[in-house]
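A short write-up of the structure that comes next.
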Amino acid sequence: MNVIAAGIGVALLAGCGGGGSADSGSSGGDPKVIKIGTLHPLTGPYAGDGQQLENGAKLAIKAINDAGGIKSLGGAQLQLDAGDTKGAPDTGQSEAQRLISNGDVALVGTYQSAVSANVAAVAERNRTPFLMDVSGDDSILSQGYKYSFRMQPKNSRFGTAAADYVDQIAKASGHPVTKVAYLHESTAFGTGAYNAFKAEAGKLGLTMGPEITYDAASVSDLTTQIAQVKASGANVLVVSGYYRDGVLAAKAVQTVKPKLDAVVGAADGAFDQPQFPTDAGSAANGFFDVNYHLDDSAAAAQAFVKLYKTTYNADARTEAALAYDAVRTIAAGLESAKSTDKTKLRDAIAKGGITPLTISTGPVTFDEKGENTTALPVLTQVQNGAPVVVYPKEYAAKSPIYPANPGQ
């Protein structure tokens with residue numbers, strides 16, 4: 001492991017504690033090996049995102065092991081135990097049960113809210129900690145679960161922040177929002193973001209236009225949907241979807257050319273990603289996204305981005321950092337609990353405490369429902385071929401360009 005990796009390993013373990021006698025519990029087999037299960041879509045239409053998440057988890061495990069493992073457990077090494085959800089809730093459920101039966105002490109996943117909902121139920125029945133790296137649906141953690149935790153902000157925070165941010169920057173520019181069209185994928189993720197945006201838009205007095213939905217797993221073109229946006233007369237389009245369909249939406253905007261002041265993602269999986277301008281081309285210019293985002297000003301985040309690029313010859317998406325931080329949180333829990341007993345581990349994880357790689361108002365802090373209360377949605381915009389944070393001002397690298405005239 002190079003100097004960058006070693007540095008990250010030292011940083012992440014600094015908050016994990018150390019010393020003390022080890023509990024004899026383990027995940028089975030070698031008592032010096034502790035297995036952590038990952039549940040991501042490694043095949044199917046979401047495999048690109050799933051691989052990013054998986055890679056983030058792998059980097060965290062290697063960094064922890066290279067830095068001496070779990071010191072309070074005699075230097076026990078972590079081992080990744082991968083499960084492929086294939087993007088299907090039923091498969092995610094059966095894979096979660098398989099990994100738990102394998103002796104995994106905790107689970108990380110899953111990218112899709114519908115999958116995470118099933119996994120959370122399995123984790124609760126088996127009293128196994130489950131760290132959601134990416135999954136935003138509010139309802140998952142509204143069940144009274146004790147063993148599930150979410151690293152990212154929940155969907156309602158994205159939808160609410162998207163309405164607030166676009167309203168604020170539009171008014172500041174002298175081009176207020178006149179009508180909002182909303183395009184979203186049709187599962188709990190997209191619907192939840194839409195409902196939160198609509199509720200906040202009502203409070204702000206924003207006029208909502210058509211709600212247009214699509215199946216993200218099967219859609220191959222969104223020009224028909226963008227034509228509906230154009231016909232509606234909306235001057236702002238809000239989009240909630242995944243990476244592949246986000247690129248399709250951007251290309252459709254460029255083709256149809258609706259007269260828009262802005263396209264704003266609300267937790268969209270494409271618009272704030274480093275490779276989005278490459279995949280969407282000039283269609284990406286000016287696109288906004290309200291999302292979780294790497295803290296680009298922090299040395300640890302910069303090191304993570306360099307390490308990911310060196311290891312995988314690809315740009316790291318923020319989702320990879322969330323998986324990385326989920327594993328770090330489990331490692332911190334193991335250090336603090338000095339045990340692999342899953343109830344003790346759950347209680348230690350609930351205390352949070354790590355400094356995340358993403359923009360945040362402080363260390364990871366879980367409330368009684370398992371929500372990370374310090375996770376912060378920020379507004380990014382593609383400027384000069386790269387997404388940068390533009391709002392709120394205290395986190396901004398550049399000022400927003402508005403109207404953005406996307407597709408023109």
Side-chain angles (χ1 to χ4, degrees), residues 4-20 36 53 56-57 59-61 63-64 67-72 78 105-109 129-136 141 145-154 156-158 161 291-305 307 316 318-339 344-378 389 392 394-396:
I4 293 173
I8 294 177
V10 171
L12 68 90
L13 287 173
C16 292
I36 295 175
L53 290 155
L59 288 178
I61 284 178
I64 293 163
I70 306 301
K71 295 180 177 64
S72 70
L78 300 182
V105 300
L107 304 175
V108 174
F130 171 40
L131 274 290
M132 285 182 280
D133 41 25
V134 175
S135 287
L141 292 181
Y145 293 153
K146 298 299 182 183
Y147 285 80
S148 292
F149 304 86
R150 190 190 333 256
M151 301 299 294
Q152 67 156 87
K154 58 185 178 181
S156 59
R157 291 190 66 198
F158 289 124
N291 220 321
Y292 45 75
H293 195 74
L294 277 165
D295 186 353
D296 297 322
S297 65
Q302 294 169 7
F304 173 79
V305 169
L307 177 60
T318 303
E319 58 204 28
L322 286 166
Y324 187 95
D325 282 345
V327 173
R328 290 176 61 202
T329 298
I330 294 169
L334 288 164
E335 285 284 7
S336 177
K338 302 177 184 179
S339 172
K344 292 179 181 178
L345 175 57
R346 178 265 166 215
D347 292 344
I349 287 172
K351 297 176 183 178
I354 71 160
T355 299
L357 297 179
T358 53
I359 293 175
S360 170
T361 59
V364 170
T365 303
F366 296 115
D367 65 15
E368 67 282 356
K369 289 184 177 181
E371 300 283 5
N372 177 12
T373 60
T374 62
L376 181 69
V378 295
V389 178
E394 60 266 35
Y395 302 101

Checklist outcome for this item: Output for pair (Gln302 CD, Leu294 CG), nearest 0.5 Å, gives 10.0 Å
Item to check | Test item: Arg346 side-chain N/O and Lys146 main-chain N/O as donor-acceptor pair under 3.5 Å | outcome: yes
Checklist entry - Do the non-hydrogen side-chain atoms of Val378 and Pro392 ever get within less than 4.5 Å of each other? => result yes
Checklist entry - Considering only heavy atoms from C-beta outward, does the side chain of Glu319 approach that of Asp133 to under 4.5 Å? => result no
Next on the checklist: For a 4.5 angstrom cut-off between non-hydrogen side-chain atoms, does Asp325 reach Val364?
Outcome noted: no
Checklist entry - Looking only at atom types and distance, does a side-chain atom of Arg328 sit under 3.5 Å from a main-chain N or O of Thr355, one as donor and one as acceptor? => result yes
Checklist entry - Using the ring of each side chain (for Trp, its six-membered ring), is Phe304 parallel, tilted or perpendicular to Tyr324, with breaks at 30° and 60°? => result perpendicular
Checklist entry - Has the side chain of Thr318 got a donor or acceptor atom that lies under 3.5 Å from a matching backbone atom of His293? => result no
What pairs of donor and acceptor atoms, side-chain ones from residues 356-363 against any protein atom, are under 3.5 angstrom apart with sequence neighbours left out?
from: Ser360; atom 1: OG; to: Gly362; atom 2: N; distance (Å): 3.1
from: Ser360; atom 1: OG; to: Gly362; atom 2: O; distance (Å): 2.5
from: Ser360; atom 1: OG; to: Thr374; atom 2: O; distance (Å): 3.0
from: Ser360; atom 1: OG; to: Thr374; atom 2: OG1; distance (Å): 3.3
from: Thr361; atom 1: OG1; to: Thr374; atom 2: O; distance (Å): 3.4

Checklist entry - With side chains defined as the heavy atoms from C-beta onward, is the minimum distance between Phe366 and Leu141 less than 4.5 Å? => result no
Checklist entry - Got a second to check how far Leu322's CG is from Leu53's CG, nearest 0.5 Å? => result 8.0 Å
Checklist entry - For Lys338 and Ile70, what are the C-alpha separation, side-chain angles and deciding distance, and is it a side-chain contact (heavy atoms from CB on, under 4.5 Å)? => result CA-CA 9 Å; Lys338 302 177 184 179; Ile70 306 301; over 6 Å; no
Item to check | CG-CD distance between Asn291 and Gln152, expressed to the nearest 0.5 angstrom | outcome: 7.5 Å
Next on the checklist: How long is the straight-line distance from CD1 of Ile36 back to CD1 of Ile64, given to the nearest 0.5 Å?
Outcome noted: 6.5 Å
Checklist entry - Do the side chains of Leu334 and Leu78 get nearer than 4.5 Å, heavy atoms only? => result yes
Item to check | Atom pair NZ (Lys154) and CG (Asn372), whose distance is rounded to the nearest 0.5 Å | outcome: 12.0 Å
Checklist entry - If you look at every heavy atom in Glu335 and Gly69, which pair is closest and at what distance? => result OE2-O, 3.6 Å
Checklist entry - Which distance, rounded to the nearest 0.5 Å, do you find between the CD1 of Ile349 and the OG1 of Thr329? => result 7.5 Å
Checklist entry - Between Arg150 and Ser135, is there a donor-acceptor pair closer than 3.5 Å when you use the side chain of the first and the backbone of the second? => result yes
Checklist entry - Partners of Asp367 by side chain to side chain contact (heavy atoms under 4.5 Å, CB included), sequence neighbours excluded? => result Lys369, Glu371, Thr373
